[in-house]
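Please read the structure below before turning to the comments.
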Amino acid sequence: MKDVKISIKNLNLYYGTKQALKNISLNIPSKQVTAFIGPSGCGKSTFLRTLNRMNDLIDSVNITGEVLIDGIDIYDKSLDVVNLRKRVGMVFQKSNLFPKSVFENLVFGLRLNGIRDKNILLETAETTCKQAAIWDEVKDRLNEPALSLSGGQQQRLCIARALAVKPEILLMDEPASALDPISTAKIEELIHDLKTKYTIVIVTHNMQQAARVSDLTAFFYIGELIEYDKTTKIFTNPSFKQTEDYVTGRFG
Amino acid sequence: MELTKKKRDVSGFLLISSTRILFFFLILILLVLIGKIFIEGIGIISLEFIFDEPKNNMTEGGIGPAIFGTIAVTVVMVLFAVPLGVFAAIYLSEYAKDSFFYRIIRTSINNLAGIPSIVFGLFGLGFFILFIGKNLDEVLETGLLFGQPALLWASSTLAVLVLPIVIISTLEALNSVPKSHRDASYGLGASKWQTIKSVVLPQARPGILTGTILAISRGVGETAPILFLGCAFFLPSLPVADLCIWGYCIPMINPTEQFMYLAYHIFILATQSSNPTKSLPLQYGATLVLIALTILLNITAILFRYKFRKSLGRN
Ligand SMILES: Nc1ncnc2c1ncn2[C@@H]1O[C@H](COP(=O)(O)OP(=O)(O)OP(=O)(O)O)[C@@H](O)[C@H]1O
Ligand SMILES: [Mg+2]
């Protein structure tokens, strides 16, 4: 595999005494879309959250193993988590815009970094909105409450907000699961465009979506990585029976 | 079968109707109380009554200094209680781990709200005046300045009294901020404090404000805790002193003075008047002002909470 961006080695994760991820190893390539699929509760979100250490926020979590980004262990004691999360952006299943204006949502990450210059803020807001294909819809509504946007617009604004921090990696946890087909198509198109600049990891329950947007697909089952391969291979000629049953919808 | 169902219906009916009757009585008592005070008190209310000082051994004049004293004490109380309470709540909800120690603190806060207020008065006298005040005087060599009853100590004691109100309502407000908003903030690379400051606190602000208002309305109605702490029968001057910085002087609340207090003033009018018939209307007037003040504060708090709930319901 060319150009590994994230390398996970023997990762185990426990919620208290319950093991949620079992000895997972895989390499995620740079500037590609990698999809995680698997039945509900198999640990996809948990795994995604280990990649930007969001699981640190849960007291009961214990992790062993290594996650290397550009060869550096992100669980190293000396690593700055805040800085890591700026490099590894995240989009959540349910849009979680702040009850602030559209503009304030967009520049939230910049303000965290102490950027006050109105021109820079506006410029970033515009470029990231264009990247997230939402500029035309919000350019006249920057000062309106973000929560007055439609669900699909909110989710794309979340993506724009994440992009504004200029991450290298974008983690998306079922970003389109609550959206209508048109909004979903927009987001898929967007993922396709973003691939040129970002390494994207996406969790999805939608097989067609995984097949459409991703280059590589990883299939998880009860905390284990069963199969990880090129998306075309996973969907046409999987090596394992479990994978085949899942992608063909024989269990779910 | 038939019988038991009937029976349950009867007891249910009895329970509901007796509750209704009790409820009705409660409202009636409240209405009579407020109505009586309003009718008797409204006649005397005027600008002079609000701003003038008591005259002629408290049988004439107004309640100006008592109102001023109440506001002054309350302002200083808020300055102590709100920052302390808010930070305590932030610590408890965002930083403290669920430990034995933590649970003791939580229990203490809840129980603090149930202590009789006179106990707070004695605590204030013992702790603030005799311990802190006396020692301050000794260390700062100020003579007898802090080690005596004064507005500062009354406000401090009331602050301790209302602290649980502030802490509990702030905790409630902090807990109502959705986890998804915190996740969003952390996900964008915010530190814990940045998340609290720019996501959690702005959303909790109306709740904190509600707590503050409730604390104020509790504070202005109290008499017992400040009885020994500088609350005066009558004072010829307001607890004010000029604060001068670089030659500019502005009149400020002087926290080392004694003060008059509306709730205490009512008590004085009722019990210590030289001519009860003449001071009775004054007493009604003062009571009306106090009640109007607390009701107004409570309504504001309710409105805030309503607005707060509504803004939360939107997402
Ligand atoms: N905070 C938590 N505390 C304890 N257990 C948890 C926690 N979060 C998740 N789990 C458990 O870990 C396992 C994996 O959960 P996870 O959310 O990662 O699944 P998922 O694959 O994302 O599922 P879905 O497709 O439904 O989103 C589940 O059994 C879940 O119950
Ligand atoms: Mg999930």
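Naming convention: chains lettered A, B, ... in sequence-line order (proteins, then strands); numbering from 1 in each chain.
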**Request:** Taking atom CZ of A:F98 as the centre, report whether more than 12 heavy atoms of other residues, nucleotides or ligands fall under 6.0 Å from it.
**Result:** yes
**For B:E172, salt bridge (Lys or Arg N to Asp or Glu O under 4.0 Å) partners two or more places apart** = none
**Message:** For B:Y102, is the OH atom crowded, meaning more than 12 foreign heavy atoms sit under 6.0 Å from it?
**Reply:** yes
**Fill in**
Sorted by chain and residue number, the salt bridge (Lys or Arg N to Asp or Glu O under 4.0 Å) partners of B:K179 (sequence neighbours excluded) come out as B:D183
**Asked** Top residue by heavy-atom pair count (under 4.5 Å) with chain B, among A:R161, A:M90, A:R87, A:K100?
**Response** A:R161
**Prompt:** Given side chains that start at C-beta, do those of A:F108 and B:V199 come closer than 4.5 Å, heavy atoms only?
**Reply:** yes
**Asked** For chain A, which of B:S185, B:A190, B:S180, B:G189 has the most heavy-atom pairs under 4.5 Å?
**Response** B:G189
**Complete:** Heaviest contributor of heavy-atom pairs below 4.5 Å to chain B, chosen from A:R111, A:M54, A:R49, A:R53, is A:M54
**Prompt:** Taking side chain as C-beta onward, heavy atoms only, is A:D59 less than 4.5 Å from B:K97?
**Reply:** yes
**Item:** Spacing of B:H181 atom NE2 and A:L97 atom CG [to the nearest 0.5 Å]
**Value:** 7.5 Å
**Request:** Let me know if A:V88 has heavy atoms under 4.5 Å from chain B in its side chain, its backbone, both or neither.
**Result:** backbone
**Request:** Would you mind telling me which of A:D56, A:V82, A:L112, A:L84 has the largest number of heavy-atom pairs within less than 4.5 Å of chain B?
**Result:** A:L112
**Asked** If you count the non-hydrogen atoms of other residues, nucleotides and ligands that lie under 6.0 Å from CZ in B:F131, is the total more than 12?
**Response** no
**Request:** Check the surroundings of atom NZ in A:K197: do more than 12 heavy atoms from other residues, nucleotides or ligands lie under 6.0 Å from it?
**Result:** no
